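For clarity, every value in this text was computed on a predicted model and none was experimentally measured.
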Amino acid sequence: MLHPRARTMLLLAIPALIIGVASSLVLIVVMKVASVLQTMLWTALPANMGFSPDSPGWIITMLTLTGVAVGLVIRFSPGHAGPDPAQEPLIGAPVAPSALPGLIIALILGLAGGVSLGPEHPIMAVNIGLAVFLGARIFPRVGALDWTILASAGTIGALFGTPVAAALIFSQTLSSNNDVPLWDKLFAPLMAAAAGALTTSLFFHPHFSLSLPHYGQMQIADIFSGAVVVAIAIALGMVAVWCLPRLHRLMHKMKHPVLILGVGGFVLGILGAVGGTVTLFKGLDEMQQLAFSQVFSVSDYLLFALIKLAALVVASACGFRGGRIFPAVFIGVALGLMLHEHVDAVPAAITVSCSILGLVLVVTRDAWLSLFMAAVVVPDSTLFPLLCIVMLPAWLLLAGKPMLMAWRNDK
């Protein structure tokens with residue numbers, strides 16, 4: 001009774017559901033373990049030792065020790081805990097299974113220790129590696145690319161708590177033709193993303209949205225304001241784009257990962273001591289603190305944005321295992337709140353959403369993901385037309401420009 005196209009999609013539905021659930025479970029376990037370890041390192045341990053976790057001495061010590069610990073894991077684990085994330089896009093080639101345990105340990109240590117990177121890249125690499133390794137043995141007729149697509153879709157759904165992001169990303173990467181419509185190709189990835197998102201929602205809810213004043217009817221002047229904010233965010237992001245590969249090359253002249261990451265952790269500790277604990281960690285919970293607090297000034301927000309940007313560059317250049325999207329969102333929130341405080345005539349919804357759009361676009365060079373992140377953090381439907389309009393000059397500014405990645409020929 002079913003068309004052959006429908007039977008093909010149904011055959012992939014069960015593996016897609018399994019991979020989506022498994023991708024989410026990997027994320028949940030890693031985040032829970034990292035959360036418990038973070039509580040021990042930043043709450044229980046300093047309290048027992050009579051230290052304040054906000055003190056510069058504790059911040060510098062913890063980040064330095066975290067760098068040394070991650071360096072030891074990378075040095076002695078098989079496969080050196082996977083490839084250097086600074087040289088990889090979000091969705092990369094499958095990682096050898098032997099490198100995955102070290103990658104997970106390095107990620108957990110970095111998340112718990114306060115490194116300014118998110119979990120997205122290592123989690124993506126782990127899920128893709130597992131899916132390709134196991135899938136090739138259970139369903140040998142299915143190619144590695146198909147397993148990669150399903151695992152990345154399930155991970156994106158798990159990370160952001162919705163399959164919408166996966167649909168947007170893969171709608172531009174899965175080309176369509178007259179014989180195989182686009183939605184046929186999207187069927188299995190969407191199943192994986194939906195399964196990942198639903199599984200994640202059973203255990204915790206990612207808090208991306210901020211409580212900002214509602215944005216009213218769009219005005220022509222708001223388009224110009226949004227375009228200026230996006231341009232400022234892109235200019236700030238391009239500073240990091242210029243610095244990252246050069247710092248990466250400089251740091252890796254030291255050769256030994258323990259030395260590189262130990263020095264990097266010490267520098268991150270100094271940055272954290274200057275910016276405070278709000279500039280540490282992946283930035284998801286910390287950006288909520290920025291939005292809810294009523295005590296920060298223009299200079300405070302600017303300091304947070306610059307410190308977080310510097311910490312993102314340093315952490316990536318040194319080889320910490322982590323992703324760049326979550327910290328970029330934090331930087332966008334800090335920059336947007338700073339611009340709103342500086343020119344309060346421009347609504348915070350515009351400054352924050354447009355700053356996020358510009359910075360995520362610099363980091364990912366993915367217009368759909370940038371629009372999605374801006375719309376999720378500032379969930380106001382009246383902003384959609386404005387965001388789509390200001391995306392156009394932003395895309396023109398970044399056309400042909402390098403991404404926030406280190407050069408692959410670095411040794």
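- Rounded to the nearest 0.5 Å, atoms CG (L387) and CG (L371) are 6.5 Å apart.
- I74 and P257 get closest at one heavy-atom pair: CG2-CB, 4.2 Å.
- E286 places a side-chain N or O within 3.5 Å of a backbone atom of G283 that can act as its donor or acceptor partner.
- R324 contributes a side-chain N or O that, together with a main-chain N or O of L404, makes up a donor-acceptor pair within less than 3.5 Å.
- Summarising the geometry, atom CG belonging to L271 is positioned 5.0 Å from atom CD1 belonging to I307; distances are rounded to the nearest 0.5 Å.
- Considering only heavy atoms from C-beta on, T277 stays 4.5 Å or farther from W58 through its side chain.
- Summarising the geometry, atom CG belonging to D380 is positioned 9.5 Å from atom CG belonging to L212; distances are rounded to the nearest 0.5 Å.
- Not one N or O on the side chain of S316 forms a donor-acceptor pair closer than 3.5 Å with the backbone of V313.
- Considering every non-hydrogen atom in both V241 and P402, the closest pair reads CG1-O, 3.6 Å.
- Among all heavy-atom pairs drawn from L117 and R321, the shortest one is CD1-C, 4.4 Å.
- I356 approaches V333 most closely through the heavy-atom pair CD1-CG2, 3.9 Å.
- Looking at H252, its side chain does come within 3.5 Å of a backbone N or O of H248 through a donor-acceptor pair.
- V30 places a side-chain heavy atom less than 4.5 Å from the side chain of I108.
- Between the side chain of Q38 and the backbone N or O of V33 there is no donor-acceptor pair closer than 3.5 Å.
- Between M373 atom CE and F326 atom CZ the span is 6.5 Å, to the nearest 0.5 Å.
- The shortest side-chain heavy-atom distance between V363 and L359 does not fall under the 4.5 Å cut-off.
- Between M338 atom CE and L290 atom CG the span is 12.5 Å, to the nearest 0.5 Å.
- Remark: M40 CE is loosely packed, at most 12 non-hydrogen atoms of other residues, nucleotides or ligands lying under 6.0 Å away.
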Could you go through M124 and E88, starting from their C-alpha distance and side-chain angles, then the distance that decides it, and tell me whether this counts as side chain to side chain contact (heavy atoms under 4.5 Å, CB included)? CA-CA 11 Å; M124 186 74 72; E88 297 289 328; over 6 Å; no
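- Residues R365 and L398 have side chains in contact (heavy-atom distance under 4.5 Å, counting atoms from C-beta outward).
- Note on residues 277-316: pairs passing ring pair (Phe, Tyr, Trp, His ring centres under 6.0 Å), not counting sequence neighbours, are W42-F281, F296-Y301, F296-F304.
- Counting non-hydrogen atoms of neighbouring residues, nucleotides and ligands closer than 6.0 angstrom, the OH atom of Y215 exceeds 12 such neighbours.
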S355 and L339: CA distance, side-chain angles, deciding distance, side chain to side chain contact (heavy atoms under 4.5 Å, CB included) verdict: CA-CA 9 Å; S355 294; L339 293 173; 4.1 Å; yes
Could you give me the CA-CA distance, side-chain angles and deciding distance for I350 and L383, then say whether side chain to side chain contact (heavy atoms under 4.5 Å, CB included) is met? CA-CA 8 Å; I350 292 178; L383 282 171; 4.0 Å; yes
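- Side-chain contact between L37 and L109: present, with at least one pair of heavy atoms (C-beta onward) separated by less than 4.5 Å.
- When all heavy atoms of F320 and G264 are compared, the closest pair comes out as CE1-C, 4.4 Å.
- Proximity of a side-chain donor or acceptor of S370 to a complementary backbone N or O of L361 within less than 3.5 Å is detected.
- Here the side chains of I104 and P101 are not in contact, with every heavy-atom distance at 4.5 Å or above.
- Distance check: L25 CG to K32 NZ gives 12.0 Å after rounding to the nearest 0.5 Å.
- Checking S225 against D222 by side-chain atom types alone, no donor-acceptor pair falls below 3.5 Å.
- Remark: the backbone N or O of M31 is not paired with any side-chain donor or acceptor of S35 at under 3.5 angstrom.
- Contact between V377 and M287 at its shortest, heavy atoms only, is CG2-CE, 4.3 Å.
- Looking at heavy atoms from C-beta onward, T43 lies out of side-chain contact with P53 at the 4.5 angstrom threshold.
- Counting only distance, with no hydrogens or angles, the side chain of S201 and the backbone of L198 share a donor-acceptor pair below 3.5 Å.
- Side-chain atoms of K308 come within 3.5 Å of backbone atoms of L280 as a donor-acceptor pair (strictly under, hydrogens ignored).
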Checking T351 against L337 for the side chain to side chain contact (heavy atoms under 4.5 Å, CB included) test, could you report, in this order, the C-alpha distance in whole Å, the side-chain angles of both residues, the deciding distance, and whether it holds? CA-CA 7 Å; T351 59; L337 292 173; 6.0 Å; no
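- Judged by distance alone, the side chain of T279 and the main-chain N or O of G276 form a donor-acceptor pair under 3.5 Å.
- With a 4.5 Å cut-off on side-chain heavy atoms, I232 and L236 do not count as touching.
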